[in-house]
Amino acid sequence: MGRHILRAATSGPTIFVSFAGPVVNSKGTPVTDAMGRIFPILVANNYTRAMVLGTCSFPAQEDKGALKWKLSIILVKIIGGSAYEEFKQLGTLVTSQDVSKLRWTLYRVPFLNNGPSAPVMATYTGSGNDGMTLSRKSLANWLLGEMLEGSYWVGKAPVLSD
């Protein structure tokens, strides 16, 4: 890891938010690999919160599933290169972290858009309240709210929509 990145990570922040995901034509799992190196640095430097982007390629234990999610995952597998495997492994990595050492949330997003901010529904697939879209503004507002103490979603992997 570059010394500039390491210096920034160890300069006193306590909350880590990742929007990282695979890019077009990416190969392998570079985001997962990087996150595997980042998490120990966060713990060693007394971070209290980590919020990491994911998708429904990683199934949460609480998911009930639904045809629309199965179809979206098939679409990702067809056109997304290594995105499916990247997000599946990233979800496995994040959810395996000890929540008593670092309060993590794997926030899973559907199709993102540039719409206005709206209330966010955080739930699991198949709940009946699990929409297929989320505006970036809504996501930003939800993340800011989740940075507060007492978040229900610590140690969980909700799917978000608005």
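Below, each value reflects all heavy atoms present in this structure, side chains not excepted, and no hydrogens, waters or symmetry copies.
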- request: Decide side-chain contact (heavy atoms from CB on, under 4.5 Å) for Y107 and L134; before the verdict, give the C-alpha distance in whole Å, the side-chain angles of both, and the deciding distance to 0.1 Å.
  value: CA-CA 12 Å; Y107 63 94; L134 177 67; over 6 Å; no
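- Residues L144 and L53 share a single hydrophobic cluster, defined by chaining ILVMFWY side chains whose heavy atoms lie under 4.5 Å apart.
- The pair E149-R103 counts as a salt bridge, with a side-chain nitrogen and a carboxylate oxygen less than 4.0 angstrom apart.
- Note: the hydrophobic cluster containing I73 does not contain V109 (ILVMFWY, side chain heavy atoms under 4.5 Å, direct or indirect links).
- Smallest separation of non-hydrogen atoms from A83 and V76: CB-CG1, 4.1 Å.
- Here the side chain of R108 pairs a donor or acceptor atom with the backbone of A157 at under 3.5 angstrom.
- Taking 4.5 Å as the limit, some side-chain heavy atom of W104 sits within range of a side-chain heavy atom of V99.
- The minimum heavy-atom distance linking G21 with F87 is given by the pair CA-CZ, 3.9 Å.
- Taking the six-membered ring for Trp, W69 and F58 have ring centres at least 6.0 Å apart.
- Counting heavy atoms from C-beta outward, M121 and V159 have side chains that stay 4.5 Å or more apart.
- Interatomic distance, D33 CG to L93 CG, rounded to the nearest 0.5 Å: 9.0 Å.
- The CZ atom of F111 lies 5.0 Å from the OG atom of S72; values are rounded to the nearest 0.5 Å.
- Looking at D162 and W142, their side chains never come closer than 4.5 Å, going by heavy atoms from C-beta outward.
- When only modelled atom types and interatomic distance are considered, S135 and S138 share a side-chain donor-acceptor pair under 3.5 Å.
- Note: the hydrophobic cluster containing L148 does not contain W153 (ILVMFWY, side chain heavy atoms under 4.5 Å, direct or indirect links).
- In summary, the side chains of T29 and E85 do not present any donor paired with an acceptor at a separation below 3.5 Å, with no hydrogens or angles considered.
- In this structure a side-chain-to-backbone donor-acceptor pair under 3.5 Å is present from T55 to S57.
- One N or O on the side chain of D63 and one on the backbone of T125 form a donor-acceptor pair closer than 3.5 Å.
- When side chains are defined from C-beta on, T32 counts as touching E86, because their heavy atoms get closer than 4.5 Å.
- What you find for S82 and G28 is that their closest heavy atoms are OG-O, 3.3 Å.
- Once rounded to the nearest 0.5 Å, the distance linking CE of M35 with CD1 of I38 reads 5.0 Å.
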message: Run the side-chain contact (heavy atoms from CB on, under 4.5 Å) test on L90 and V52 for me, step by step, so that the C-alpha distance in whole Å, both residues' side-chain angles and the decisive distance to 0.1 Å come before the verdict.
response: CA-CA 9 Å; L90 181 60; V52 180; 4.1 Å; yes
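- Remark: L106 CG to Q97 CD distance equals 11.0 Å, nearest 0.5 Å.
- Salt-bridge check for E62 with K156: failed, with every basic side-chain N at 4.0 Å or more from each acidic carboxylate O.
- A salt bridge does not link D130 with K64: every distance from a Lys NZ or Arg NE/NH1/NH2 to an Asp or Glu carboxylate oxygen is 4.0 Å or more.
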message: Evaluate N46 against T14 for side-chain contact (heavy atoms from CB on, under 4.5 Å), listing each step before the verdict.
response: CA-CA 7 Å; N46 301 312; T14 60; over 6 Å; no
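- With a 4.5 Å cut-off on side-chain heavy atoms, P158 and Y152 do not count as touching.
- For K68, the NZ atom is densely surrounded, since the number of other residues' heavy atoms within 6.0 Å is greater than 12.
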- request: Verify side chain to side chain donor-acceptor pair (under 3.5 Å) between N113 and R136, making sure each step is shown before the conclusion.
  value: CA-CA 6 Å; N113 63 55; R136 289 174 177 87; over 6 Å; no
message: One pair to check against side chain to side chain donor-acceptor pair (under 3.5 Å): D98 and S100. What are the steps and the verdict?
response: CA-CA 5 Å; D98 184 345; S100 70; 2.6 Å; yes
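- Within the 4.5 Å cutoff, no side-chain heavy atoms of L75 are placed close to those of Y84.
- A 4.5 Å side-chain heavy-atom check between F16 and I41 finds every atom pair outside the cut-off.
- The structure places NZ of K101 at 16.0 Å from OG1 of T48, a figure rounded to the nearest 0.5 Å.
- Between G155 and T105 the shortest heavy-atom distance is N-OG1, 4.4 Å.
- Here T133 contributes atom OG1 and L112 contributes atom CG; the two are 9.0 Å apart, rounded to the nearest 0.5 Å.
- A donor-acceptor pair is defined here as one N or O able to donate and one able to accept, closer than 3.5 Å; no such pair exists between the side chain of S151 and the backbone of M147.
- A single hydrophobic cluster is seen to contain both L160 and I15, as judged by linkage of ILVMFWY side chains at heavy-atom distances under 4.5 Å, directly or through other members.
- Within the 4.5 Å cutoff, side-chain heavy atoms of L139 are placed close to those of F19.
- When hydrophobic clusters are built by joining Ile, Leu, Val, Met, Phe, Trp and Tyr residues whose side-chain heavy atoms come closer than 4.5 Å, directly or via intermediates, V120 is grouped together with Y124.
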